[in-house]
Amino acid sequence: MNSEHVEVIYTDGQKKQFPKGVPIEEALDAAGKGKDRWVAGRLNGVLLDLRSGLEEGGHLEGVPVDSKEGLEILRHSTSHLMAQAVKKLYPKARFAIGPAIENGFYYDFEVDEPFSQEDLSKIESKMKEIISARLEVKRREMPREEAIRYFEERDESYKVELLEEISDDIISCYQQGDFLDLCRGPHIPHTGHVKAFKLLSVAGAYWRGDESKPMLQRIYGTSFPDRDGLKQYLKFLEEARKRDHRRLGKDLDLFSFNDEVGAGMPIYHPKGALLRHILESFEKREHLRRGYQVVMGPTLLKTDLWKRSGHFDNYRENMYFTEIDEQSYGVKPMNCLAHMLIYKSRIRSYRDLPLRYFELGTVHRHEKSGVLHGLLRVRQFTQDDAHILCMPEQLHEEIQGIIDFVVEVMGIFGFAYEMEISTRPEKSIGTDEDWEKATAALVGALEGKGISYNVCEGDGAFYGPKIDVKLKDALDRKWQCATIQCDFTLPDRFDLTYVGADGHRHRPVMVHRVILGAVERFMGVLIEHYAGAFPLWLSPVQATIVTVTDSQVDFARKVWEELKGMGLRVELDDRNEKLGYKIREAQLQKVPYMLVIGDREVSAVGIAPRRRDGTQLELMSTGDFAALVERECLEASKGRVGLGII
RNA sequence: GCCGACGUAGCUCAGGGGUAGAGCAGCUGAUUCGUAAUCAGCAGGCCAAGGGUUCAAAUCCCUUCGUCGGCUCCA
């Protein structure tokens, strides 16, 4: 092979030679398949534009538009397309950034007037014009200085700011028609590749997410290779609205919020309270069997104590304070203080350790008004909180025990989750050495279990690094639930000690951890996870008895009492309505079982159960039905919960 | 907290300066019915709260509270 040629190896192993500089597009077409499906090429793992020339040989593959990278490129290009449309309609707009995100893209602009819903339609129309023009999307490389000059001349201060942080001498821009944007690429070859897109919403967003920086206008949108994909996604959004726990909380009469009470303070109605009670009983039992001890601390603690713990200095803006008899008190935002004082209430021996204090502790945090979100972010919530005090050499095992606990519980609820390790933030207390030790303990425990995790630098709590477990809501937004946090500082501040085998005092280490996290948030995620159709063991109402006519009401009452007596959660619908009406209502309430009682059942002394999925069971006795329910509960809860609640 | 939208009956929503509307739910009556809506009648609102503009405000303006979508923060 001479230097004028490059050799390409395709994914099927086939090899071909081309003159150097041949466009990737041509080299891919030569393989004879997939023409037009590609939005980019990948040479030796690097994504490149279809129009860029091959300067070196190697493994080459086409990136199909419906692959993960292909979609990303399409969406990124759609965001550029939108920016071009905005530039045409609002020449004074300044441009910030416009990346592809998980299900679409956004672009941030600085404009005099925020965009309205009508503006979005206008922008969409302009985008369609640009698509029809099939403008070529050209990559242009230029010296950094030249690019800075170009954007300075156009008063694009955000682009200049971005450029000033790029260290490369040569940077790339992409041009389509008269619109040029700073971008790494790659992009689709021409605007005609955008087939199905929609602008979804407008929102304010701080430049670089920093509230001290100007607020920009962000337009969110999405883009798909074809109309069907877009339609499906819009359908998913619609379905997600039906699963929304705020919607279901109302429909299923679980909880409410009230203007007169205040924001972020949930009110539990009977069924919501029962659901919560079931969760909490389950939790208590699970903790007791794992060697935790249940404790309880007060809600108000003197401010001096919060000063000693470091909360006053580091967490004050999230706390509520009040005064009693001229003494300042703080409402607890965390449960740790009382637990420390329990530890301190007597001399501890190494033989006592580890100590695991568990509390369903209700805390209050002043969350900013704009972030409140149904049950998922509130100002009053109850954590399934525990603090483990142990010897440093027990730390690893304790953390592994907690991880096992989390994995087991998430398995019972059937949640998929992501684990993250967060390291030291800027605002924090403790020595570097402590932080390193604690971080190493967390990493070691996860790696020991072979669990994969992401690292979030600087996202730790002020007192220590942590492992977070994130669950997703109906819209795939992630919410932190379980968290395991090391703390080498509180035992120090409170001078916690234990007497070792050597007769000397030593410092224990502490782990803060929650499994569900906040019961409120967990319930919110749980409601969306099951779309309100809870498994039998969690369902606040497990069965509704429905009578066919008035003449069966007496018998139905007896059945009702009997089933309640056996520990089932049953309701009776003896209203004078047609059977279909009552079935429909129970169905909409997502009750797992409907127990039909007509003349047949009265004479056979039984009930005819119908599952909420529509399947019809044989007429059976109340005892058989209770046994069925028990079996199903035990199965779904992996043996934890049968009939009744503790 | 910031940007934007929004707040009308229990719920879902219409009405946008001139007497508050619909469907569902509720109540009453009729009907007594076999697996996702029986019929009829009745009742229900200080239009989130407070202030202004106007002869007149649910409607226009201001403030507050709350909700929604984001930013940021976090369980």
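Side chains included, hydrogens not; waters and symmetry mates left out as well; all remaining heavy atoms used. Naming convention: chains lettered A, B, ... in sequence-line order (proteins, then strands); numbering from 1 in each chain.
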**Asked** Under a 90° cut-off about 0 for the syn range, is B:G16 syn or anti?
**Response**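 Syn, angle within 90° of zero.
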**Message:** On the nucleotide B:C68, are OP1 or OP2 found under 4.0 Å from the side-chain N or O atoms that A:R246 carries?
**Reply:**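 For A:R246, the contact criterion (side-chain N or O under 4.0 Å from OP1 or OP2 of B:C68) is met.
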**Asked** Taking OP1 and OP2 of B:A75, is either one under 4.0 Å from a side-chain nitrogen or oxygen of A:Q480?
**Response**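 The answer is yes; a side-chain N or O of A:Q480 sits under 4.0 Å from OP1 or OP2.
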With sugar-phosphate meaning primed atoms plus P, OP1 and OP2, does [X] contact a base, only sugar-phosphate, or nothing at under 4.0 Å between heavy atoms?
{"X": "A:G209", "answer": "sugar-phosphate"}
{"X": "A:R575", "answer": "sugar-phosphate"}
{"X": "A:E601", "answer": "base"}
{"X": "A:A203", "answer": "base"}
{"X": "A:E577", "answer": "base"}
{"X": "A:E367", "answer": "base"}
{"X": "A:R218", "answer": "sugar-phosphate"}
{"X": "A:L588", "answer": "base"}
{"X": "A:R477", "answer": "sugar-phosphate"}

**Item:** Exercise: identify the closest heavy-atom pair between A:P465 and A:W435
**Value:**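 Looks like N-CZ3, 3.3 Å.
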Just list the side-chain donor-acceptor pairs under 3.5 Å for residues 404-417 of chain A, sequence neighbours left out, or say none.
from: A:D404; atom 1: OD1; to: A:K449; atom 2: NZ; distance (Å): 3.2
from: A:D404; atom 1: OD2; to: A:K449; atom 2: NZ; distance (Å): 3.4
from: A:E408; atom 1: OE1; to: A:R290; atom 2: NH2; distance (Å): 3.1
from: A:E408; atom 1: OE2; to: A:R290; atom 2: NH2; distance (Å): 3.0
from: A:E408; atom 1: OE2; to: A:R640; atom 2: NH2; distance (Å): 2.4

**Prompt:** Within 45° of the axis and under 6.0 Å from the centre of the six-membered ring of A:Y581, does NZ or CZ of A:R584 qualify?
**Reply:**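 A:R584 over A:Y581 ring: no.
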**Request:** Check whether NZ of the Lys or CZ of the Arg A:R218 lies under 6.0 Å from the centre of the six-membered ring of A:Y106 and within 45 degrees of that ring's axis.
**Result:**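 Relative to the ring axis of A:Y106, which defines the angle, A:R218 lies inside both limits.
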**Item:** Sequence neighbours excluded - salt bridge (Lys or Arg N to Asp or Glu O under 4.0 Å) pairs with any residue from residues 361-389 of chain A
**Value:**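 Listed once each, the pairs are A:E211-A:K368.
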Whole Å only: how far is the [atom1] atom of [X] from the [atom2] atom of [N]?
{"X": "A:M265", "N": "B:U67", "atom1": "CE", "atom2": "P", "value": "11 Å"}
{"X": "A:L376", "N": "B:U67", "atom1": "CG", "atom2": "P", "value": "14 Å"}
{"X": "A:D573", "N": "B:A36", "atom1": "CG", "atom2": "C1'", "value": "13 Å"}

What are the atom names and distances for every N/O pair under 3.5 Å that joins the protein to nucleotides 5-12 of chain B?
from: B:U12; atom 1: OP1; to: A:R247; atom 2: NH1; distance (Å): 3.2

